[in-house]
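Computed from heavy atoms alone, side chains included, the values below leave out hydrogens, waters and symmetry copies. The first residue of the sequence shown is numbered 1, and numbering continues consecutively from there. Computed from a prediction, not measured in an experiment: that's the story for all the values here.
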Amino acid sequence: MNEVNTILDLSVILPTYNEAENLPIIIHRIEEMDLNCQIVVVDDNSQDKTAEIAERLNSKYGNIIVVRRPGKNGIATAVRDGLLNSESKYVIVMDSDLQHPPEVIPRILNELEKGRELVVASRYVRGGSAEFNIIRKAISKFATALAHMNIQKTEAIKDPLSGFFGFRRDVVKPDQIVSNGYKILLEILVATNTTNIGEVPYRFIKRKRGKSKLGFSEFLKYIKLVLRLSDYQMLKFAFVGLTGALLNLLIMNIVVGHYYQPVVFGAILALEASIVSNFVMNNYWTYRKRASSGTVIKRYVKYNVMSSLGSGIYFSLVLVLTFFGINYMWADVVGILGSFTMNFGGSQGVVWHL
Ligand code: GDD
Ligand code: MN
């Protein structure tokens, strides 16, 4: 503890919206650790007088800054305003509803002092956990997988959606936090260049007092945020896939329907044409901004190897289904869907990847 206390220069940012019951408890628990820090409460005009309570607590402790904002404006901008209204070498962001145990703060700090630029308190590293019901857990896992799949910089972090993290102040500029949603850490990961990131485990506690402000609209906001931060790659990939599928159907129809060639021949031509066209569009459009290793040629080779796995699926489906008397066009549609799944995973994870 002592080594942490001596050189410490920390701001703990606590966004609050109707946390009158929780704030005195969390502040008491932070003060008890004797961390020599300032606490920045950013309140959005809570009706339950959270801000007044914070000011009263400051008369007792003397190290609390209260930022009052006129209306509910989201956690992200609250964190930004907390940054703008504080001064310290390190910053920790956490919820004020006791779901993030303040006792984890010294561990985050310790990692920062050891040289980490960003430290995530993580539910999903060994030793961490979440008191979630099964539905909330599934949503959280799904959301995390979505981030991992779409945003390359999150891959190294087990809990990129954590709302509990710390950083060295010079690593994050306040204007890098631009969304009005919950997932500030995602934005920070994308906006900053730091790769010097640590994770410390913690247990996400069930909320005991007050209400969660996270609803379905936050989930939609989250999807939009992931799409924006990933340069809309998932949508572009799907669109490219659709153009490839149309091209595929067109060629199949011409070769088999008009020139009466065998289905195998139609499928080979249709497939080759769509692979080339998809590769070109993905390389120069979908993944234009994605950091990928290798030259275009190498990527094209990889794309073909990967596509041949997809093609295996495609051919089996088309041939087996037509063998069983299903119309060749329908068999083609099913084949395309099967290979699409394979191609998306391979593109994100292998072809356009570092
Ligand atoms: N100033 C301000 N303005 N504070 C807000 C606002 C707002 O509009 N909305 C919420 N807060 C405060 C709450 O008072 C609480 O201290 C904290 O932000 C988190 O809000 P909750 O409503 O309790 O969020 P949650 O528990 O559902 O979600 C938390 O856990 C997620 C992980 O599952 C957040 O930390 C998320 O960021 C995190 O991803
Ligand atoms: Mn909460």
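Rounding to the nearest 0.5 Å places CD of Glu55 at 8.0 Å from CG of Asn58. Here the CD atom belonging to Gln152 is positioned 6.5 Å from the OG atom belonging to Ser292, to the nearest 0.5 angstrom. The CG atom of Asn248 lies 11.0 Å from the OG1 atom of Thr243; values are rounded to the nearest 0.5 Å. Between Gln47 atom CD and Asn18 atom CG the span is 4.5 Å, to the nearest 0.5 Å. Taken from OG in Ser311 to CD1 in Ile275, the straight-line distance is 4.5 Å, to the nearest 0.5 Å.
A donor-acceptor contact under 3.5 angstrom links the side chains of Ser88 and Arg169, judged on distance only. Asp48 and Thr50 are linked by a side-chain donor-acceptor pair at a separation below 3.5 angstrom, with hydrogens and angles left out of the test. Side-chain contact check for Thr77 and Arg69: at least one donor-acceptor pair (N or O, by modelled atom type) lies under 3.5 Å. For the residue pair Ser11 and Gln38, a side-chain donor N or O sits within less than 3.5 Å of a side-chain acceptor on the partner. In the model, Asp43 has a side-chain atom that pairs as donor or acceptor with a side-chain atom of Thr16 under 3.5 Å. When only modelled atom types and interatomic distance are considered, Asp332 and Tyr314 share a side-chain donor-acceptor pair under 3.5 Å.
Applying the salt bridge (charged side-chain N to carboxylate O under 4.0 Å, His left out) test between Glu131 and each of Arg203, Lys137, Arg136 identifies Arg203 as the sole match. Residue Asn282 forms a side chain to side chain contact (heavy atoms under 4.5 Å, CB included) with just one option from Asn343, Val351, Val240, and that option is Val240. A side chain to side chain contact (heavy atoms under 4.5 Å, CB included) with Leu14 is found for one member of Asp97, Val93, Ile26 and no other, namely Ile26. Partner Phe279 forms a ring pair (Phe, Tyr, Trp, His ring centres under 6.0 Å) with one of Tyr284, Trp352, Tyr287 and no other, that one being Trp352.
With Ser96 contributing its side chain and Pro15 its backbone, the two residues share a donor-acceptor pair below 3.5 Å. Of the possible donor and acceptor atoms, one in the side chain of Ser316 sits under 3.5 Å from a partner among the backbone N and O of Gly312. Using modelled atom types, no side-chain atom of Asn22 and backbone atom of Leu98 make a donor-acceptor pair closer than 3.5 Å. Judged by distance alone, with hydrogens and angles left aside, the side-chain atoms of Lys173 form a donor-acceptor pair with the main-chain N or O of Asp170 at under 3.5 Å. In this structure a side-chain-to-backbone donor-acceptor pair under 3.5 Å is missing from Lys183 to Val226. Not one N or O on the side chain of Asp44 forms a donor-acceptor pair closer than 3.5 Å with the backbone of Tyr17. Ser162 places a side-chain N or O within donor-acceptor distance of the main-chain N or O of Ala121, the cut-off being under 3.5 Å. In this structure a side-chain-to-backbone donor-acceptor pair under 3.5 Å is present from Glu199 to Asp159. Looking at Gln99, its side chain does come within 3.5 Å of a backbone N or O of Ile205 through a donor-acceptor pair. Counting only distance, with no hydrogens or angles, the side chain of His353 and the backbone of Arg290 share no donor-acceptor pair below 3.5 Å.
The closest side-chain heavy-atom distance from Phe315 to Ile268 is below 4.5 Å. Contact check for Leu229 versus Glu187: side-chain heavy atoms found under the 4.5 Å cut-off. Between Phe165 and Ile184 there is a side-chain heavy-atom pair separated by less than 4.5 Å. Under the 4.5 Å side-chain criterion, counting only non-hydrogen atoms from C-beta, Phe167 is not in contact with Thr192. Inter-residue side-chain proximity for Asn283 and Tyr300 is flagged as unmet; no heavy-atom pair is nearer than 4.5 Å. You'll find the side chain of Arg68 stays beyond 4.5 Å of the side chain of Asn45, heavy atoms only. At a threshold of 4.5 Å between non-hydrogen side-chain atoms, the residues Val41 and Leu57 do not count as touching. Considering only heavy atoms from C-beta on, Met234 comes within 4.5 Å of Phe344 through its side chain.
Closest approach of Ala54 and Ile64 over heavy atoms only: O-CG2, 4.2 Å.
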Apply side chain to side chain contact (heavy atoms under 4.5 Å, CB included) to residues Asn193 and Lys153 and explain how you reach the verdict. CA-CA 9 Å; Asn193 292 322; Lys153 282 185 178 169; 4.3 Å; yes
Kindly indicate, with the supporting measurements, whether the criterion side chain to side chain contact (heavy atoms under 4.5 Å, CB included) is fulfilled by Ile105 and Leu10. CA-CA 10 Å; Ile105 292 174; Leu10 170 71; 3.9 Å; yes
Step-by-step side chain to side chain contact (heavy atoms under 4.5 Å, CB included) determination, Ile39 to Glu31: CA-CA 9 Å; Ile39 297 173; Glu31 300 286 0; 3.5 Å; yes
Val42/Val79 under side chain to side chain contact (heavy atoms under 4.5 Å, CB included): CA gap, chis, key distance, verdict: CA-CA 8 Å; Val42 185; Val79 170; over 6 Å; no
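Ile336 and Leu309 fall within a single hydrophobic cluster, where Ile, Leu, Val, Met, Phe, Trp and Tyr side chains are chained together by heavy-atom contacts under 4.5 Å. Hydrophobic clustering places Ile223 together with Met149 (ILVMFWY residues linked when any side-chain heavy atoms are closer than 4.5 Å, directly or through intermediates). Linking Ile, Leu, Val, Met, Phe, Trp and Tyr whenever their side-chain heavy atoms come within less than 4.5 Å puts Phe237 and Tyr232 in one cluster. By the rule that hydrophobic residues join a cluster once side-chain heavy atoms approach within less than 4.5 Å of another member, Met342 and Met281 end up as members of separate clusters.
Ion pairing of Lys114 with Glu111 is present here, as a side-chain N (NZ or NE/NH1/NH2) and a carboxylate O approach within less than 4.0 Å. Between Arg207 and Glu19 there is a salt bridge, with a side-chain nitrogen of the basic residue lying less than 4.0 Å from a carboxylate oxygen of the acidic one.
Few gaps surround OH on Tyr61; more than 12 heavy atoms of other groups in view lie less than 6.0 Å from it. Annotation for Lys236: atom NZ counts as buried by contact number, over 12 foreign heavy atoms lying within 6.0 Å. Other residues, nucleotides and ligands place no more than 12 heavy atoms under 6.0 Å from the CD1 atom of Ile297. Atom CH2 of Trp330 sits in a sparse spot, with 12 or fewer heavy atoms from other residues, nucleotides or ligands closer than 6.0 Å. For Glu87, the CD atom sits in a loose shell: 12 or fewer heavy atoms of surrounding residues, nucleotides or ligands are nearer than 6.0 Å.
In this structure Phe204 satisfies the ring pair (Phe, Tyr, Trp, His ring centres under 6.0 Å) test together with His100, Phe132, sequence neighbours excluded.
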